[in-house]
Structure formats: structure tokens, C-alpha cells
Amino acid sequence: MAIKDNVNKLLKEVGERAILEAAAKTREAREIDEAIESGIRVIGENYVSELKKIYPLVKNKAEWHFIGSTKTQKHDLLKKKVLEIVDMIETVDSVDFAFELNKRCRGLSKVMPVLIEVNSAKEVQKSGVYPEDVVDLVKKIAKLSRVKVVGLMTMGPNVDNPEETRPYFRLTKKLFDDIKGMKIENVEMEYLSMGMSDTYRIALEEGANIVRIGTTIFGPRRQR
Ligand SMILES: *Cc1c(COP(=O)(O)O)cnc(C)c1O
């Protein structure tokens, strides 16, 4: 099916419940443009190298979110030119990164909205902070004037049956609500980013208001 048809179908299904973010790794500019022309407002990029290459080639306006590793790509991501085009970083998982980001954004007179990435299934190989460490990290980042926590993001574990992700989405939603209830100054719990092509229906049921979808919009992923 064409990208346009896929987007239309998803937009109809997701409705007002959530923002449909197009996860665009390995996709070409014309594919991203087709998605935006069909109603996508947010593009998610995993790799700084791809973002830098593709951003000038995409003709339509959109919001650009970074959804890749802030550990392995820290150096490239914190470049002035990159921070200028990124509208949100969804994968903040350390106070070190947040401090460095704060410093760089001061020079840009920009406040960067961020989500805290939660390693909800506590998988050793995955990025993100463990659930029990999230509140502490949020409180530390709240003290920074150029970085603003606006919610949480989680990948959930890779499982055969999508239904097995439900407890991890539920746990992340509970954490989201708990932190919201704390009314921490300079923290606005607005976005909960969870769910991908095979799990977005479950994530929506569990309260996601951003779903990040690649394959169901663009088709099978290409090799990088
Ligand atoms: C690739 C990716 C997605 C989308 O995955 P699909 O299964 O292709 O829908 C969502 N979030 C992140 C962080 C990704 O890297």
C-alpha cells in the first residue's frame, strides 16, 4: 500500500487519542514528504547522521524528534547545527547528558523539551533509566533552565507476542501519572511516547499519547 493510504488508515484509527509520529530511519526524503503531505506532523529520527542528511531535503514542515541513543551519539547530537533543528529529544536517560544539553542550549537561547526514556523491562542491554530511578532524574533535570521535561518514553521489551508488552506500558503510565501528581516545578508531564508498529494498539489502550510508527507507514525497513 502507498504511504498515503497507510497514514490515512492510521490517523483514522488513532484519532484524537495520540500524535502519530513517523519513525523515519532508513527512509528517503520523498517518502518523508509523502507522509507529511498525508497528515503526519512529527518525524522521529534515530541517527544524527541521517537527520543531518535528510533534513535539508525534506520540503514540507514538520516537528523533528530525536529517538535514538543519546549515549552513543552524544557528541554529534550536541552540535549546534543539530540542536537547532531538533524540536524534542525523547531519549534522555542520564543527568550528564542533560547537563551538557543545558549548556549547549544556553548558547542557542533555546529550551529543549525532553522525554525521559524508561527502561521499563530493566533489560541490561537497553538504554533508558530503570523505573525506580526516574523520579530522581526528573528532579535533577528540573533544576536546569534550558532543558524541560515534558514526559516519558519507553520502548518496552522485544517479545513474540505484543500483548506481553502491556505490563511495561502500564508501569510507565503509572510512573507518568505519579510524577504528574508531584507537581515538580519546571516539569510538565504532557507526553507519553510508547508503542510501535506491532504494539501501538496496546500502548494506546494503556494511555500513550505519542505512538512511533515506522514499518506500518513506510513498509519493511531497509538495510542501513
Ligand atoms: C524504529 C523505531 C520505531 C518504529 O518501529 P516500527 O516497528 O518500524 O514501527 C519506534 N521507536 C523507535 C525508537 C525506533 O527506533
Side-chain angles (χ1 to χ4, degrees), residues 1-25 27 31-32 34-36 38-46 62-68 87-93 113-123 126-129 131 134 138 149-181 187-221:
M1 260 211 306
I3 290 170
K4 179 168 165 283
D5 299 319
N6 297 336
V7 169
N8 282 335
K9 207 167 148 223
L10 279 164
L11 282 174
K12 216 174 266 168
E13 185 186 352
V14 171
E16 298 290 300
R17 289 183 289 173
I19 294 166
L20 181 59
E21 173 176 345
K25 56 180 169 287
R27 310 304 174 173
E31 297 176 286
I32 298 174
E34 186 177 346
I36 300 171
S38 313
I40 291 288
R41 293 288 163 262
V42 179
I43 307 297
E45 276 291 351
N46 291 69
E63 230 182 83
W64 292 78
H65 289 197
F66 186 75
I67 57 174
D87 297 295
M88 187 187 289
I89 299 175
E90 295 196 19
T91 42
V92 171
D93 64 358
V114 302
L115 306 183
I116 304 302
E117 181 176 1
V118 184
N119 184 350
S120 52
K122 298 175 99 165
E123 297 165 285
K126 277 245 173 84
S127 47
V129 273
V134 173
V138 169
V149 176
V150 294
L152 304 180
M153 177 271 205
T154 197
M155 296 282 287
N158 307 325
V159 288
D160 293 331
N161 178 1
E163 187 60 37
E164 290 170 45
T165 57
R166 189 182 295 278
Y168 304 100
F169 290 157
R170 189 168 289 180
L171 179 144
T172 308
K173 171 65 158 73
K174 178 164 188 319
L175 202 48
F176 178 85
D177 289 337
D178 288 350
I179 296 170
K180 195 176 203 165
V187 171
E188 236 167 84
M189 296 305 273
E190 194 178 350
Y191 299 109
L192 182 55
S193 175
M194 0 185 249
M196 321 202 301
S197 288
D198 51 352
T199 55
Y200 72 90
R201 290 193 176 97
I202 294 162
L204 287 169
E205 285 168 11
E206 296 302 328
N209 60 16
I210 298 179
V211 290
R212 307 176 311 270
I213 300 192
T215 315
T216 305
I217 291 176
F218 298 108
R221 213 170 287 157

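Numbers for residues simply follow the sequence, beginning at 1. Source: prediction; values computed, not measured.
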Q: Please enumerate all residues that pass side chain to side chain contact (heavy atoms under 4.5 Å, CB included) together with D5, with sequence neighbours excluded.
A: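 Side chain to side chain contact (heavy atoms under 4.5 Å, CB included) list for D5, sorted by chain: M1, A2.
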Q: Would you say T154's side chain and M194's backbone share a donor-acceptor pair under 3.5 angstrom?
A: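 Checked: no pair found.
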Q: Can you tell me if CG on D160 sees more than 12 non-hydrogen neighbours from other groups inside 6.0 Å?
A: no
Q: Taking D87 for the side chain and H65 for the main chain, is one N or O donor matched with an acceptor at less than 3.5 Å?
A: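 No: the side chain of D87 does not pair with the backbone of H65.
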Q: Is there a side-chain contact between S193 and E117 (heavy atoms, below 4.5 Å)?
A: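 A side-chain contact under 4.5 Å is absent here.
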Q: Applying side-chain contact (heavy atoms from CB on, under 4.5 Å) to L115 and L152, what does each step give before you reach the verdict?
A: CA-CA 5 Å; L115 306 183; L152 304 180; 5.8 Å; no
Q: Does any N or O in the side chain of N209 come within less than 3.5 Å of the main-chain N or O of L192, such that one atom is a donor and the other an acceptor?
A: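 Yes.
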Q: Mind checking what makes side-chain hydrogen bond (donor to acceptor under 3.5 Å, both in side chains) contact with R27, not counting sequence neighbours?
A: none
Q: With a 3.5 Å distance limit and no angle check, can you tell me whether T172 reaches the backbone of Y168 through a side-chain donor-acceptor pair?
A: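 Checking the backbone N and O of Y168 against the side chain of T172, a donor-acceptor pair under 3.5 Å is found.
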Q: Is a side-chain N or O of E206 found less than 3.5 angstrom from the main chain of R166, in a donor-acceptor match?
A: no
Q: Output the distance between atom NZ (K9) and atom OG1 (T216), rounded to the nearest 0.5 Å.
A: 8.5 Å
Q: On a heavy-atom basis, which atom in V7 and which in L20 lie closest, and how many Å separate them?
A: O-CD2, 4.3 Å
Q: I'd like to know if R41 pairs up with E63 as an ion pair, taking the criterion as any Lys NZ or Arg NE/NH1/NH2 lying under 4.0 Å from an Asp or Glu carboxylate oxygen.
A: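 Salt bridge: no.
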Q: Between CD of E13 and CG of N8, what distance do you get to the nearest 0.5 Å?
A: 13.0 Å
Q: If every non-hydrogen atom of G195 is compared with every non-hydrogen atom of A203, which pair is closest and at what distance?
A: CA-CB, 3.6 Å
Q: Mark yes when over 12 heavy atoms from residues, nucleotides or ligands other than Y191 sit less than 6.0 Å from its OH; otherwise mark no.
A: no
Q: Quick one: closest heavy-atom pair of M196 and I213, and the distance?
A: C-CG1, 4.3 Å
Q: Answer yes when R212 and E21 have at least one side-chain N-carboxylate O distance shorter than 4.0 Å, and no when they do not.
A: no
Q: Measure the CD1-CD1 distance between I32 and I36 for me, rounded to the nearest 0.5 Å.
A: 7.0 Å
Q: Is there a side-chain contact between I210 and V42 (heavy atoms, below 4.5 Å)?
A: no
Q: Do you know which two heavy atoms are closest between L11 and S38, and how far apart they sit?
A: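 Where L11 meets S38 most closely, the heavy atoms are CD1-O, 3.6 Å.
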Q: Output yes when a side-chain donor or acceptor of T91 lies under 3.5 Å from a complementary backbone atom of G68, and no otherwise.
A: yes
Q: How many angstroms lie between atom OG1 of T199 and atom CZ of R201, to the nearest 0.5 angstrom?
A: 10.5 Å
Q: When rounded to the nearest 0.5 angstrom, what is the spacing between CZ in F176 and CD in E190?
A: 8.0 Å
Q: Can you see which heavy atom on P157 is nearest to which on T165, and at what distance?
A: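 Nearest heavy atoms, P157 then T165: O-CG2, 3.8 Å.
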Q: Is there a side-chain contact (heavy atoms from CB on, under 4.5 Å) between I40 and I217? Walk through the geometry before answering.
A: CA-CA 10 Å; I40 291 288; I217 291 176; 4.0 Å; yes
Q: Could you report the tightest heavy-atom contact between S127 and D93, atom names first, then the distance?
A: CB-OD2, 3.6 Å
Q: Is K126 reaching over with its side chain to a backbone N or O of S120, donor-acceptor style, under 3.5 angstrom?
A: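 The answer is no, because no donor-acceptor pair under 3.5 Å joins these two groups.
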Q: Which distance, rounded to the nearest 0.5 Å, do you find between the CZ of F66 and the CD of E90?
A: 10.5 Å
